[in-house]
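The sequence lines fix the lettering, A, B, ..., with proteins before strands; numbering per chain opens at 1.
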Number of protein chains: 2
Amino acid sequence: MLRYAILELLHHKPLSGYDLRRRFGGSIVFFWKANHSQIYPELKRMENEGLLSAKRVPHEWRPTKKVYAITPKGQRDLEAWLRRRPKLQSVKDEMMLRCFAFHLVPADEADAQIRHHRDLHEERLRHYIAIRKDLERKHGRLLETADPILFWNVLTLRQAIAHERTYIAWCRWALRRHQAFRDRMERGHAHLAG
Amino acid sequence: MLRYAILELLHHKPLSGYDLRRRFGGSIVFFWKANHSQIYPELKRMENEGLLSAKRVPHEWRPTKKVYAITPKGQRDLEAWLRRRPKLQSVKDEMMLRCFAFHLVPADEADAQIRHHRDLHEERLRHYIAIRKDLERKHGRLLETADPILFWNVLTLRQAIAHERTYIAWCRWALRRHQAFRDRMERGHAHLAG
DNA sequence: GGTGCATATATCAGCAGTGACATATCTCGG
DNA sequence: CCGAGATATGTCACTGCTGATATATGCACC
């Protein structure tokens, strides 16, 4: 997977491992992250497979860079991958796995967990919205016009935002429902006591 | 991660590797899947660590089962895990990575990809809704009352459904926007030609 | 002269996860 | 009697990914 993300980025322009690392987890790719410890070996492997070509570029002030460019073979690989029909990824969501087991912890602890998670998603949502504002500022009316790269970029950003909003809405809903559940328990006990 | 899913399931009742495998990817756990090739070695490892105890249970008709039960140490591990505050998982979504690169394929191919993905998510949504119907049928009014296990189960199911609905809505929206984009391109060319 | 920081590349151990291969029992139908 | 299918457990090679560790340059600041 990682290799296709790299190929897409190098399709725009040649980059070093360090540059790539900043792209992942930065503003451009919302749906893939990678550490340098994964990127450098992958670049080497891709070079060996003929998907990339490397060139050492010295710099006066800074350490020498190894800049990678996509080869015709790399281009073909990327386009072939884009035409495949992958099956659905299986969902792996740690928070939801925990939620499944929340009957094992006190109600207050469960609430705290959900609130914490809601906060994290709100932060990520703000991050995405900042990126969107940035795109709007930089490209203005162009967002509505004819640049395909920008068009697909905006589409994925919209999905990222929709995803975060859904998650946050679920957290809020869950907290309300949990409160109602706790109230019912209370009344249940009161009923038994009375 | 897998180990905590296993511990949660074994907290309810002892199960064999085969039973566990059917639980994952079946109706109960929506947010975690696992193959038997991952489950069996993990069970062995957990037994060695004292989180589980194993017992061979022979059967007249069928091969002998190795049934695992959670130990007190396993219980403590599970509860400690539930109290941790994990950081946000990084999103890895292959479809969105592809979408990012759709400027490299013909517009019809991009549409076909999105429609295909929408269909897959619609199928999964139908699956989740069937599970919810099943829960409603089996438990009826109990869904609104006082069983914590059922309560959290319903909450996670709701999140799964919300997630699928968001994804499907995005696919539909993306297809509309893409059509509008293609129309604009057409008009652009017509303008240039006229 | 020392410390911290950004730049830049690389390796390693270890856990996570996949798909293929392997083996065995018992039942049911042809 | 043979094959298909459910039950049941396991291994293996490979890729994916994380966190830690290592190394080196040059700059700014104290």
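In this structure, A/K92 reaches the C/dG17 phosphate: one of its side-chain N or O atoms is under 4.0 Å from OP1 or OP2. The shortest distance between the side-chain N/O atoms of B/K66 and the OP1/OP2 oxygens of D/dG10 is below 4.0 Å. Contact check, A/R3 against D/dG16: no side-chain N or O comes under 4.0 Å of OP1 or OP2. Contact annotation: B/K33 side-chain N/O to C/dG17 OP1/OP2 distance is not under 4.0 Å. Contact annotation: A/K87 side-chain N/O to C/dG19 OP1/OP2 distance is under 4.0 Å. A sub-4.0 Å separation between OP1 or OP2 of C/dT11 and a side-chain N or O of A/K44 is present. The side chain of A/R22 contributes an N or O atom lying less than 4.0 Å from OP1 or OP2 of C/dT7. B/Y18 has no side-chain polar atom (N or O) that falls below the 4.0 Å cut-off from OP1 or OP2 of D/dT9.
A donor-acceptor contact under 3.5 Å is not formed by the side chain of A/H36 with the base of C/dA8. The base of D/dG10 has none of its N or O atoms less than 3.5 Å from a complementary donor or acceptor on the side chain of B/S37.
Rounded to whole angstrom, the span from the CZ atom of A/R56 across to the P atom of C/dT9 amounts to 8 Å. Distance B/Q89 CD to D/dC17 P: 13 Å, rounded to the nearest Å. Note: CD (A/E42) to P (D/dC17) measures 9 Å, nearest angstrom. Here the C1' atom of nucleotide C/dA10 and the CG atom of A/L20 are 15 Å apart, to the nearest Å. Atom CH2 in B/W32 sits roughly 11 Å away from atom C1' in C/dG17 (whole-Å rounding). For B/L97 and D/dG16, the CG to C1' distance is 14 Å, given to the nearest whole Å. Regarding B/M46, its CE atom lies at a distance of 14 Å from the P atom of C/dC15, rounded to whole Å. The distance from atom CG of A/L43 to atom C1' of C/dT11 is 15 Å, rounded to the nearest whole Å.
Closest approach to the A/L2 side chain among D/dT9, C/dA16, D/dC17 is made by D/dC17 (side chain taken as heavy atoms from C-beta onward). The nucleotide whose nearest atom lies closest to any side-chain atom of A/K65 is, among C/dG17, D/dG16, C/dA8, C/dA8.
Taking the six-membered ring for Trp and thresholds of 30 and 60 degrees, A/F181 and A/H178 have nearly parallel ring planes, at less than 30 degrees apart.
Distance alone, capped at 3.5 Å, is enough to place a donor-acceptor pair between the B/Q89 side chain and the A/E94 backbone.
More than 12 non-hydrogen atoms from other residues, nucleotides or ligands lie less than 6.0 angstrom from CD of A/E49.
Of the residues near DNA chain D, B/D19 and A/N35, the one whose nearest nucleotide (by heavy atom distance) lies more toward the 5' end is B/D19. Place B/G17 and A/R45 on DNA chain D by their nearest nucleotides, and B/G17 ends up nearer the 5' end. Two residues, A/T64 and A/Q38, neighbour DNA chain C, and the one matched to the more 5' nucleotide by heavy-atom proximity is A/T64.
A salt bridge links A/R45 with A/E42: at least one charged nitrogen is closer than 4.0 Å to a carboxylate oxygen. Under 4.0 Å is where a charged nitrogen must lie from a carboxylate oxygen, and between A/E122 and A/R172 at least one such pair does. Here B/E186 does not pair with B/R182 in a salt bridge; the nearest charged N to carboxylate O distance is not below 4.0 Å.
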